[in-house]
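This report refers to the structure that appears directly beneath it.
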Amino acid sequence: MPSIERRTFLQRSLAVGAGCSAELLLGRLLPAQTASRRTAARIYLDTKRTVAPIDRNLFGSFLEHLGRAIYEGIYDPASKLSDSHGFRKDVMDEIRTLGVPIIRYPGGNFVSGYDWLDGVGPKQNRPRVLDKAWNSINSNQFGTDEFMAWCSAVGTQPLMGLNLGTGTPEQAAALVEYCNVEKGTRWSELRRKNGIAAPYKAQNWCLGNEMDGPWQIGHMTAKEYGYKAADAARQMRYVDPTLKLVACGSSGPLMPTYLEWDREVLEECYEYVDALSLHRYIGNTQQETGTDSSKYLAMNLTMDRQIAETVAVCDYVQGRKRSPKQLWLSFDEWNVWYRARSGDAVNGREQDAPHLLEEIYNLEDALLVGGIVNTLLRNANRVKLACLAQLVNVIAPIMTNSNSLFRQTIYYPYSWGLQMARGEVLNVLADSPTYEVSGIGQVPYLDVTATFSTENGNAALFILNRDLSNSHEVDVVWEDAPHTRVLKSTVLTGSDLKAVNSFDSPTRVVPQDLNKPTTSGGHTKFEVPPRSYSVIQWGA
Ligand code: AHR
């Protein structure tokens with residue numbers, strides 16, 4: 001294949017993600033190239049050429065009993081900012097405005113030592129428990145019923161985590177019974193006694209958390225976990241056959257058991273589950289990126305690769321089992337996380353709501369999060385659920401203190417995915433100049449995804465410009481009828497990649513207007529600034 005065609009094919013693959021090999025995704029099959037001097041990029045859009053419908057759960061989030069996520073974050077009965085249930089009203093407003101569709105709870109590492117019975121019933125009877133995952137006290141004043149009430153108040157759905165560490169399959173099935181059976185059984189009657197007549201009908205459940213990790217309470221081998229997950233899934237489905245169940249996949253590509261774990265687990269429980277989980281945290285560290293921001297902004301491509309590899313294992317097991325069922329992926333923890341890390345498990349110091357994992361995000365983190373939004377979108381054919389980890393105070397887009405809250409930089413790209421990626425993901429062909437990244441290969445300066453809704457005719461284009469120094473001209477070629485009515489044209493950018501927001505300067509890094517694109521003769525033209533993440537939304 002001549003090199004220009006090979007490059008176009010690669011960039012299309014990067015834009016589409018699905019169905020191409022990890023090597024292609026990372027440019028390994030390309031001949032070595034030096035960074036191109038051309039700065040114009042072409043994006044070909046055809047609203048009929050689609051990848052997959054976007055599941056609304058693709059932009060979910062996560063709240064763990066960790067640090068100040070629950071206590072002080074969303075639940076603070078002593079606060080003047082809280083309602084009569086003790087829920088922080090300003091935080092609820094923020095999450096309602098975001099429109100988060102699904103929230104994972106109660107962990108995380110926490111869940112693997114959690115007894116859900118400690119968190120239900122009269123509050124004065126609930127025990128104060130030492131959570132060994134984070135060495136913190138859990139007063140249990142917020143438990144399953146409070147979480148369900150909070151979910152309905154903010155208009156979101158629960159993604160329930162189950163303890164498959166110290167917990168048994170029987171206890172997991174009992175929680176399903178507590179939540180989903182209307183009446184007349186031991187655990188449904190306990191819920192009714194606790195004042196909740198109607199069942200919650202929680203649909204989505206995670207069978208444990210990161211059970212491949214030696215840090216996990218109850219860590220076990222893949223085979224042991226696979227058996228346990230299968231047993232839990234069977235018992236849970238006897239209680240409610242409509243559940244959607246997610247098995248624990250590898251907790252990251254650096255795990256020594258990466259992919260082997262996934263294969264062995266699925267060999268034991270494939271027929272009983274609907275999905276497999278992936279987790280990923282990225283940092284601009286010496287080890288991961290050499291603290292090189294150009295490489296850091298390309299790291300979302302390693303998530304495309306992680307998805308492709310995990311899909312390959314799922315489909316391998318499907319083939320071996322001759323199963324008609326294809327699994328989907330739950331990317332139920334993803335984010336930037338590298339500063340507030342060390343010693344967390346011992347730093348809770350047996351306190352209530354200690355300050356843990358309070359990462360402060362800068363502009364470059366937000367740009368990478370924009371890239372990850374693109375990665376999730378272009379893999380929407382297999383990734384049906386994903387959770388930004390986490391939502392409030394703990395590695396989070398929303399930070400609170402006793403008087404107010406502020407939006408971290410990463411809030412903005414996440415909110416654009418939530419609010420503007422609607423309908424179907426388009427199979428974009430993006431021809432962008434590239435640059436060389438060690439360990440990855442040729443990387444396009446522009447990372448592009450697009451969506452189109454047949455319901456209202458809206459289209460949206462999401463562009464990460466990884467070029468730290470140059471703006472790039474963009475020529476959108478509409479292969480069917482051009483969209484000309486711009487509804488929104490916005491960009492997150494700035495001169496200082498390390499700039500952050502704070503309580504004192506909450507608007508240092510905020511979206512700005514992007515010059516409105518102009519369209520003529522089936523071409524829309526505009527420029528994206530260096531170091532930027534932009535979204536353009538058009539109406540029908
Ligand atoms: O989100 C923070 C922690 O990261 C979670 O508790 C755990 O699942 C992961 O390792």
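Order of appearance sets the numbers: ligands from 1, and atoms from 1 within every ligand.
Nearest protein neighbour of atom 7 (C) of ligand 1, counting heavy atoms only, is N109 OD1, 3.3 Å. The protein non-hydrogen atom at the shortest distance from atom 3 (C) of ligand 1 is E333 OE1, 3.8 Å.
With salt bridges taken as basic N to acidic carboxylate O contacts below 4.0 Å, none links R320 and E267. The pair R126-D118 fails the salt-bridge criterion, with no side-chain N (NZ, NE, NH1 or NH2) lying under 4.0 Å from an Asp/Glu carboxylate O.
Distances between N or O atoms of W215 and those of ligand 1 include no value under 3.5 Å. Polar contact check, W134 against ligand 1: no nitrogen or oxygen pair lies under 3.5 Å apart.
Counting atoms of ligand 1 from 1 in the listed order, those under 4.0 Å from a heavy atom of E64 are 5 (C), 6 (O). Close contacts of ligand 1 with I395, meaning ligand atoms under 4.0 Å from a residue heavy atom, involve 1 (O). Interface of Y281 with ligand 1, defined as ligand atoms under 4.0 Å from a residue heavy atom, comprises 1 (O), 2 (C), 4 (O). Atoms of ligand 1 found under 4.0 Å from any heavy atom of E210, numbered from 1 in the order shown, are 7 (C), 8 (O), 9 (C), 10 (O).
The main-chain N or O of V181 is found under 3.5 Å from a side-chain atom of R191 such that the two form a donor-acceptor pair.
Taking 4.0 Å as the cut-off, W337 counts as a neighbour of ligand 1 on heavy-atom distance.
Y71 and H65 have tilted rings, their planes meeting at an angle from 30° to 60° on a 0 to 90° scale.
Side-chain contact annotation: N138 with N140, donor-acceptor N/O pair under 3.5 Å present.
Shown here are the ring-ring contact (aromatic ring centres under 6.0 Å, His included) partners of Y281, two or more places apart in sequence or in another chain: W337.
Heavy-atom neighbours of F406 CZ from other residues, nucleotides or ligands within 6.0 Å: above the threshold of 12.
Note: Y225 and H219 fail the aromatic proximity criterion, with ring centroids not under 6.0 Å apart.
The proximity of N209 to ligand 1, defined as any non-hydrogen pair under 4.0 Å, is limited to the side chain. Contacts with ligand 1 closer than 4.0 Å are made by side-chain heavy atoms of F62 only, the backbone lying farther away.
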